[in-house]
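To keep things clear, I will list the structure first and then write my remarks on it.
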Protein chains: 2
Amino acid sequence: MSIIPLYRVDTPHPQAQACAACSVRGQSLFGALDRAGLDYIHASIDSIRLQPGKTLFEAGVRGAVLYTLREGIVRFERVTERGDRRIVRLAGRGDLIGQEVLLRRPYADDAVACTPAQLCRIPAHLVDGLCSQNPALVRELMLRWQRALEDSEAWLAELATGPARRRVLRLLHKLMAHTEADGRIWLPQRDEIGAMLNLTFETASRLISQFKREGLIELPDLRHARIDGPALQRALRVEDER
Amino acid sequence: MSIIPLYRVDTPHPQAQACAACSVRGQSLFGALDRAGLDYIHASIDSIRLQPGKTLFEAGVRGAVLYTLREGIVRFERVTERGDRRIVRLAGRGDLIGQEVLLRRPYADDAVACTPAQLCRIPAHLVDGLCSQNPALVRELMLRWQRALEDSEAWLAELATGPARRRVLRLLHKLMAHTEADGRIWLPQRDEIGAMLNLTFETASRLISQFKREGLIELPDLRHARIDGPALQRALRVEDER
DNA sequence: CGAGCCGTTGAGGGGATTCAAGCTCAGTGG
DNA sequence: CCACTGAGCTTGAATCCCCTCAACGGCTCG
């Protein structure tokens with residue numbers, strides 16, 4: 001919960017200090033804000049934690065809040081008319097989640113935590129207010145929309161094309177962008193891989209096992225992998241040159 | 001080319017009148033503009049015609065113009081690292097094309113006319129200028145970004161999933177949104193269908209022929225189809241309930 | 001009239017799915 | 001303590017759907 005100051009102080013609000021020191025501030029939406037802007041927002045922003053598998057919001061709901069992802073990975077998924085789940089995009093550190101509420105639109109997808117996640121919960125009206133003052137923020141928002149669009153199109157072009165082996169290799173490549181401090185990457189469950197790449201979980205399992213045998217990856221635990229980067233590059237080259 | 005007036009007149013500029021009367025004005029980006037706004041923009045906007053197969057711009061290029069599609073269908077495509085062409089989205093009447101230039105970003109995809117197309121060519125700086133005056137325009141822009149994002153995600157979920165028959169049926173369903181005045185829809189070439197649905201052109205051809213035999217569609221000419229709507233709905237139902 | 005593009009159709013092969021069984025591991029309760 | 005259970009992962013065998021390769025026909029253009 002946020003804290004509401006009862007008296008005027010000269011030092012900035014503690015949450016404002018926290019925002020100013022935030023590890024993802026430079027990459028986040030509010031990176032464009034100055035001290036005064038931070039002072040304005042701090043009181044309304046809550047910090048949220050989410051366990052893997054927990055949903056942040058559901059498609060179709062008209063929400064009034066959006067989120068900045070400080071830590072972890074969140075996936076966007078939707079259920080097709082045929083009834084199967086399809087993961088259409090991932091969000092990582094610094095990404096904005098649920099920006100459609102700024103347009104008074106319902107959430108477009110389910111948003112579900114893939115890993116333990118930490119987020120800032122931001123009321124939509126807060127961003128509305130800041131936008132009218134701050135053109136840089138508007139531009140920042142548009143940039144995020146464009147990035148999300150390009151992500152989605154790249155996903156379609158690169159992760160939904162070609163043989164299964166190539167698709168899983170490309171997924172591993174993409175996941176390397178979210179490498180953790182200790183060099184491990186998040187390895188999705190087999191049925192999640194299936195939902196991302198349009199494969200059955202058996203096929204996903206076969207390929208991950210195969211990569212293990214080939215020495216391309218190793219699994220320190222069930223949810224993480226270490227990837228042999230150069231070997232992955234080579235394997236991708238082989239797939240693409242044919 | 002645009003015409004620059006040499007003397008001040010009381011009647012609105014002819015192009016401003018054309019804009020005000022534009023058939024897609026209500027759905028277009030500048031639907032949010034008033035008379036004064038239209039007067040401001042008219043002189044810089046050119047009208048463009050494009051034949052099927054002609055490209056409007058290429059991915060990676062840093063352009064300075066964006067477009068409103070007045071008539072026809074334009075596709076966005078990109079070449080995967082493996083080297084095959086993949087169509088990732090379609091634009092129809094009233095859609096905005098190339099808005100990434102507003103962010104000083106290179107075009108994200110190739111844009112190619114699918115049908116004869118008419119567009120308005122809009123210099124990016126023009127929109128920049130209007131945005132600072134006109135909050136409604138900013139909101140309209142954001143809405144378009146969000147719509148494009150949702151289109152792309154829906155494409156991924158609905159057109160890249162399931163057996164080939166279902167994918168082509170869903171494509172026909174989607175194309176019905178662009179039905180022409182006489183009730184015909186644009187029917188892509190077989191290899192275009194392949195590039196949209198990740199199929200070979202042979203498979204696309206087989207399915208279109210099959211639909212013809214089933215009476216689901218008829219082809220008045222090679223590039224157009226008439227669809228039996230209820231039959232299509234039934235066929236989709238059958239596909240989805242299994 | 002031949003060349004080239006586009007569409008159609010067939011035959012055969014291959015890669016992913018389907019169906020099925022067995023495995024590990026964490027949690028539960030006797 | 002350990003059987004029991006269920007969820008997730010792995011692996012095998014058979015099937016099927018789509019791709020590949022190939023031939024052919026219609027159409028437009030030079």
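None of the values given here were measured: they were computed from a predicted structure.
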Taking side chain to side chain donor-acceptor pair (under 3.5 Å) as the definition, give me every residue that meets it alongside A/Arg78, ordered by chain and number, with sequence neighbours left out. A/Asp109, B/Glu153

Are there any protein N/O atoms within less than 3.5 Å of an N/O atom in nucleotides 9-12 of chain D, and if so, which ones and at what distance?
| unit_1 | atom_1 | unit_2 | atom_2 | d |
| --- | --- | --- | --- | --- |
| D/dC9 | OP2 | A/Arg190 | N | 3.3 |
| D/dT10 | OP1 | A/Lys212 | NZ | 3.2 |
| D/dT10 | OP2 | A/Arg190 | NE | 2.8 |
| D/dT10 | OP2 | A/Ser205 | OG | 2.8 |
| D/dT10 | O5' | A/Ser205 | OG | 3.4 |
| D/dT11 | OP2 | A/Ser209 | OG | 3.1 |
| D/dT11 | OP2 | A/Arg213 | NH1 | 3.3 |
| D/dG12 | N7 | A/Arg206 | NH1 | 3.0 |
| D/dG12 | O6 | A/Arg206 | NH2 | 3.1 |

Got a sec, which residues hit side-chain contact (heavy atoms from CB on, under 4.5 Å) with A/Ala231, two or more places apart in sequence or on another chain? A/Leu216, A/Asp228, A/Arg234

Chain B on DNA chain C: first and last contacting nucleotide, 5' to 3', under 4.0 Å to a heavy atom? C/dC6 to C/dA11

Taking only residues two or more places apart in sequence, or in another chain, which ones meet B/Asp182 in a side chain to side chain donor-acceptor pair (under 3.5 Å)? B/Arg184

Excluding sequence neighbours, so at least two apart, what forms side chain to side chain donor-acceptor pair (under 3.5 Å) with B/Glu192? B/Arg75

The reported gap from OG in B/Ser152 to CZ in A/Arg89 (rounded to nearest 0.5 angstrom) is 8.5 Å

Donor-acceptor pairs under 3.5 Å, side chain of residues 171-181 of chain A to any protein atom, not counting sequence neighbours: which ones?
| unit_1 | atom_1 | unit_2 | atom_2 | d |
| --- | --- | --- | --- | --- |
| A/Thr179 | OG1 | A/Met176 | O | 2.5 |

According to the side-chain hydrogen bond (donor to acceptor under 3.5 Å, both in side chains) rule, which pairs have a member within residues 47-63 of chain B, sequence neighbours left out? B/Ser47-B/Arg70

All N/O contacts under 3.5 Å from nucleotides 26-29 of chain D to the protein, with atom names and distances to one decimal?
none

Across all chains, not counting sequence neighbours, the side chain to side chain donor-acceptor pair (under 3.5 Å) partners of B/Ser205 are none

Apply side-chain contact (heavy atoms from CB on, under 4.5 Å) to B/Glu202 and list each qualifying residue two or more places apart in sequence or on a separate chain. B/Thr200, B/Arg206

Applying side-chain contact (heavy atoms from CB on, under 4.5 Å), can you list everything that pairs with B/Arg93, at least two apart in sequence or on another chain? B/Ser23, B/Val24, B/Gln27, B/Glu71

How many whole angstroms separate atom CZ of B/Arg165 from atom P of D/dC16? 18 Å

